[in-house]
Structures are given as structure tokens and as C-alpha cells.
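Read the structure below first, then the notes.
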Amino acid sequence: MNKNELISAVADATGLSKSDAANAVENVFDTITKALSGGDEVRLVGFGTFSVGKRKESTGRNPRTGEEMKIKASNQPKFKAGKGLKDAVN
């Protein structure tokens, strides 16, 4: 399912127009993104938890040349599925 299909499914399930559903979906994504950018976690009971993991600086190799290179430290978004989501999938 892609984003447009998700918007259509939300519109059908709620009776909202597609533009209102698109607005709602975009706002959910924006809110999660802002919370993660600010260092917060987003916990949706029964669905899962969005969080930010810290990745340390490391040394890697350029696959073309074999030359060593530094990989910068970065923040990585993570998602851990909750029990409700795991049970629904299995």
C-alpha cells in the first residue's frame, strides 16, 4: 500500500473527502516527524513505538576503490511494533 492508497482507505473508512483524509494523514506524519526531531518518542498503544536511535561514527570502505572512509554519526528513526500489531499480522 502506498500513501495515496492509504489516503483512499482512510477516506472510505471514515466518510471523509479524499482531501480531508489526505490532510489528516499528512498531519499525522508531520506530528510524528516533529516529535522525533525534538527527541521525543511516539507511543501508540497496541500499534507500536517510533523512536530515534543514535548511530556512532564508524569506518567503512568505498566498494569501488576499497579506500577507507569515515561514516558520520547520525540519528536513525526506529519503529518497534506493539503486541496488537504483531498479533494482527500473525
Side-chain angles (χ1 to χ4, degrees):
M1 176 180 282
N2 64 31
K3 190 174 179 181
N4 287 332
E5 292 167 340
L6 176 63
I7 290 168
S8 294
V10 169
D12 292 342
T14 60
L16 294 171
S17 67
K18 281 195 179 180
S19 65
D20 287 341
N23 228 357
V25 169
E26 285 294 331
N27 282 313
V28 168
F29 292 158
D30 288 345
T31 303
I32 292 171
T33 302
K34 285 178 187 171
L36 293 177
S37 315
D40 294 333
E41 275 188 352
V42 178
R43 293 176 191 240
L44 305 172
V45 177
F47 184 74
T49 302
F50 295 91
S51 62
V52 176
K54 307 246 185 250
R55 187 175 277 180
K56 294 179 182 177
E57 183 176 282
S58 62
T59 304
R61 291 202 177 272
N62 182 329
R64 285 193 185 148
T65 64
E67 177 183 333
E68 281 194 358
M69 54 190 267
K70 292 275 186 192
I71 300 171
K72 294 180 185 177
S74 63
N75 294 327
Q76 299 294 315
K78 297 191 304 186
F79 176 75
K80 182 177 180 192
K83 183 175 177 7
L85 180 59
K86 288 178 187 175
D87 291 345
V89 171
N90 290 315

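By convention here, the first residue in the shown sequence is residue 1.
- Qualifying salt bridge (charged side-chain N to carboxylate O under 4.0 Å, His left out) partners for Arg43, counting only residues two or more places apart in sequence or in other chains: Glu41.
- Atom OG1 of Thr31 sits about 10.5 Å away from atom CD of Glu26, to the nearest 0.5 Å.
- What you find for Asn2 and Asn4 is that their closest heavy atoms are OD1-N, 3.1 Å.
- Among residue pairs with one or both ends in residues 51-78, none qualify as ring-ring contact (aromatic ring centres under 6.0 Å, His included); sequence neighbours excluded.
- In the hydrophobic clustering of this structure, Val45 does not group with Val89; members are Ile, Leu, Val, Met, Phe, Trp, Tyr whose side-chain heavy atoms approach within less than 4.5 Å, directly or through other members.
- Rounding to the nearest 0.5 Å places CG of Leu16 at 11.5 Å from CD1 of Ile7.
- Across all non-hydrogen atoms, the minimal contact from Val52 to Leu36 is CG2-O, 3.5 Å.
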Let me have the donor-acceptor pairs involving side chains of residues 63-86, under 3.5 Å, with sequence neighbours excluded, atom names and distances please.
unit_1 : atom_1 : unit_2 : atom_2 : d
Thr65  : OG1    : Glu67  : N      : 3.2
Ser74  : OG     : Gln76  : NE2    : 2.9
Lys83  : NZ     : Asp87  : OD2    : 2.9

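- Using modelled atom types, one finds a donor on one side chain and an acceptor on the other under 3.5 Å when comparing Ser17 with Ser19.
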